[in-house]
Amino acid sequence: MLDRLAPLPRSFYARPVLTVARDAIGKIVVHASEEGIAAGRIVEAEAYRGPEDRAAHSAGGRRTRRTEAMWGAPGHAYLFLLYGMHWAFNLVTTAEGEPHAVLIRAIEPLPPLDLMCARRGLAANRRELTNGPGKVCAALGLDGRHYGMDLCTPRLFLASDGGTRRPRIGRSPRINVDYAGAWARRPWRFYERENRYVSVKPRD
DNA sequence: GAATAGATTGTCT
DNA sequence: GACAATCTATTCT
C-alpha cells in the first residue's frame with residue numbers, strides 16, 4: 001500500500017502558506033529509513049508566516065543558522081528542537097526568500113504500526129502515539145539529521161491518499177504561541193474535525 | 001479530566 | 001544565561 005505512494009510535486013509547496021497548511025490535512029507523510037517505513041495521515045497543521053508573523057521563528061526577518069531552512073526553497077524540511085528534547089517537523093513553503101513554514105502537529109498513524117509503536121514505547125491505537133508535534137517526530141524517526149531535506153524524494157515526502165477520505169477541516173488559533181500578541185489569535189491552525197489524534201481539543 | 005512540575009540542550013543575546 | 005511552535009508522570013478532583 002505505502003510503497004505505491006508517490007511524492008507530491010514541489011508545486012504543492014510553492015503556494016501561499018495558509019493554502020498549503022489547509023491542503024496538508026488528509027495528506028500522508030511517509031518516512032522510509034534504514035529501520036523501515038513509517039507513515040501517517042496529517043490531521044493537524046499550523047501556518048507560520050514570517051517575517052511579519054511574530055509567532056514565527058523568522059519573525060522580524062530573523063535569519064540564523066537555525067532558521068536558515070525556512071528561507072530556502074519550498075518543498076524542504078525545517079526541523080527544530082523544542083525544550084531541549086523534542087523535535088518538530090515543518091514543511092517549507094511559498095518561495096525562496098519568503099520564510100514561511102507549516103508545522104505538522106499531529107498525524108493518524110497508518111499500518112504497519114509496529115515501528116512507530118516501538119519508537120514510542122506504546123501499544124497501537126493509543127492516541128498518544130502521534131497526537132503532538134514532538135510525538136510525530138519520535139514516531140516517524142525524524143530529528144536534526146533531516147534538517148533541510150528535500151521532500152520531493154522517496155525518503156521523506158508527502159503523498160495524496162487518492163481522495164479516499166475527504167477530511168472535514170476545522171480552524172483555530174495556533175497552540176502555545178501566546179507570546180505573539182495579536183498574531184496568536186489568528187486562526188492559522190487547521191485540523192480534521194472529530195479526529196482523535198488532534199492534539200489540543202478545539203472548542204468548536 | 002485538569003492542573004502542575006520537571007526534564008534537558010541548541011541557539012542566540 | 002535565558003529560553004523554547006513540548007511531553008510525561010503524578011496528583012489532585
Side-chain angles (χ1 to χ4, degrees), chain A residues 13 17-18 20-22 24-25 29 38 40 42-72 76-94 98-109 116-123 125-149 151 170-192 194 196-204:
Chain A
Y13 304 95
V17 66
L18 287 165
V20 178
R22 187 183 191 286
I25 305 299
V29 211
I42 297 171
V43 299
E44 182 180 351
E46 288 176 351
Y48 287 85
R49 199 178 72 188
E52 66 271 18
D53 175 11
R54 293 216 291 116
H57 290 157
S58 53
R62 259 160 83 100
R63 186 166 186 165
T64 62
R65 173 153 65 257
R66 182 206 195 197
T67 65
E68 188 58 31
M70 276 189 90
W71 294 83
H76 291 261
Y78 168 46
L79 290 108
F80 59 93
L81 188 62
L82 262 308
Y83 301 97
M85 61 195 91
H86 307 294
W87 288 95
F89 172 53
N90 299 252
L91 319 171
V92 175
T93 73
T94 318
E98 306 232 40
H100 304 177
V102 172
L103 170 67
I104 306 302
R105 287 193 54 89
I107 64 176
E108 175 184 327
M116 289 190 278
C117 288
R119 282 170 172 156
R120 295 279 297 124
L122 291 170
N125 277 352
R126 296 287 306 282
R127 60 188 292 275
E128 293 80 20
L129 222 43
T130 52
N131 67 338
K135 301 174 193 179
V136 167
C137 284
L140 292 178
L142 298 177
D143 57 38
R145 291 171 302 178
H146 306 273
Y147 187 92
M149 190 173 278
L151 297 175
R171 295 181 69 155
S172 82
R174 293 171 292 181
I175 306 301
N176 287 343
V177 293
D178 303 338
Y179 56 83
W183 292 92
R185 278 178 262 115
R186 301 210 168 194
W188 285 5
R189 173 204 200 207
F190 299 86
Y191 58 90
E192 181 176 30
E194 324 255 311
R196 65 193 291 259
Y197 290 96
V198 171
S199 64
V200 179
K201 202 148 219 162
R203 43 168 137 151
D204 61 349

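Everything numeric here is computed off the predicted structure, so don't read it as measured data. Excluded from the calculations below are hydrogen atoms, water molecules and symmetry mates; all remaining heavy atoms, backbone and side chain alike, are included.
- Here A/R120 reaches the OP1 or OP2 of C/dT8: one of its side-chain N or O atoms lies under 4.0 Å away.
- The salt bridge (charged side-chain N to carboxylate O under 4.0 Å, His left out) test applied to A/D143 returns A/R145, not counting sequence neighbours.
- Between the P atom of B/dT11 and the CE atom of A/M70 lies a distance of 16 Å, rounded to the nearest Å.
- Between A/P133 and A/L103, the closest side-chain pair of non-hydrogen atoms falls below 4.5 Å.
- Here the shortest heavy-atom pairing between A/T93 and A/A101 reads OG1-N, 4.2 Å.
- In this structure, OH of A/Y147 is placed 11 Å from C1' of B/dT11, rounded to the nearest angstrom.
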Read 5' to 3' with Watson-Crick or G-U pairs under 3.5 Å, [ ] for crossing pairs and | for partners on another strand, DNA chain C gives ||||.|||||||.
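- Atom CZ in A/R65 sits about 14 Å away from atom C1' in B/dT13, given to the nearest Å.
- For the pair A/F80 CZ and C/dC3 P, the interatomic distance rounds to 18 Å; values are reported in whole Å.
- Within the 3.5 Å criterion, the main-chain N or O of A/W183 finds no donor-acceptor partner in the side chain of A/R54.
- Residue A/I175 contributes atom CD1, which lies 13 Å from atom P of C/dA5 at whole-angstrom precision.
- Look at NE2 on A/H57: it is 10 Å from P on C/dA4, rounded to the nearest Å.
- The backbone N or O of A/L140 lies less than 3.5 Å from a partner atom in the side chain of A/R119, making a donor-acceptor pair.
- Under a 3.5 Å cut-off, the side chain of A/R105 and the backbone N or O of A/E44 do not form any donor-acceptor pair.
- Between A/V92 and A/Y13, the shortest heavy-atom distance links the atoms O-CB, 3.8 Å.
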Would you list the protein and nucleotides 6-9 of chain B atom pairs, both N or O, that sit under 3.5 Å from each other?
| from | atom 1 | to | atom 2 | distance (Å) |
| --- | --- | --- | --- | --- |
| B/dT8 | O2 | A/Y83 | O | 2.5 |
| B/dT9 | O4' | A/G84 | O | 3.2 |

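- The stretch residues 180-189 of chain A does not touch DNA chain C, since none of its heavy atoms comes less than 4.0 Å from the strand.
- Within the 4.0 angstrom heavy-atom criterion, only backbone atoms of the sugar-phosphate kind lie near A/R66; the bases stay farther away.
- Proximity of a side-chain donor or acceptor of A/R186 to a complementary backbone N or O of A/R174 within less than 3.5 Å is not detected.
- Residue A/N176 places no side-chain N or O under 4.0 Å from the OP1 or OP2 atom of C/dA5.
- No contact: A/A88 has no heavy atom under 4.0 Å from any strand.
- Following rounding to the nearest Å, A/W87 (CH2) and C/dA4 (P) show an atom-to-atom distance of 18 Å.
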Output a table of nitrogen or oxygen pairs between the protein and nucleotides 11-13 of chain C separated by less than 3.5 Å.
none

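- Legend: residues meeting side chain to side chain donor-acceptor pair (under 3.5 Å) with A/R62, ordered by chain and number and at least two apart, are absent.
- The distance from atom CZ of A/R119 to atom C1' of C/dC7 is 18 Å, rounded to the nearest whole Å.
- Under the 3.5 Å distance criterion, the side-chain polar atoms of A/Y48 are left unmatched by any main-chain donor or acceptor of A/S58.
- Looking only at distances, a side-chain donor or acceptor of A/E46 sits under 3.5 Å from a matching main-chain atom of A/I175.
- Pairing each heavy atom of A/R66 with each of A/F80, the nearest pair is NH2-CD1, 4.0 Å.
- Along DNA chain C, the nucleotide closest to A/K135 and the one closest to A/Y179 are compared, and the more 5′ of them pairs with A/Y179.
- For the side-chain hydrogen bond (donor to acceptor under 3.5 Å, both in side chains) with A/H100, the lone residue among A/D53, A/T94, A/N90 that qualifies is A/T94.
- Of all heavy-atom pairs between A/R49 and A/L18, the closest is NH1-CD1, 4.1 Å.
- Comparing C/dA5, C/dT8, B/dT13 against the side chain of A/R62 picks out B/dT13 as the nearest.
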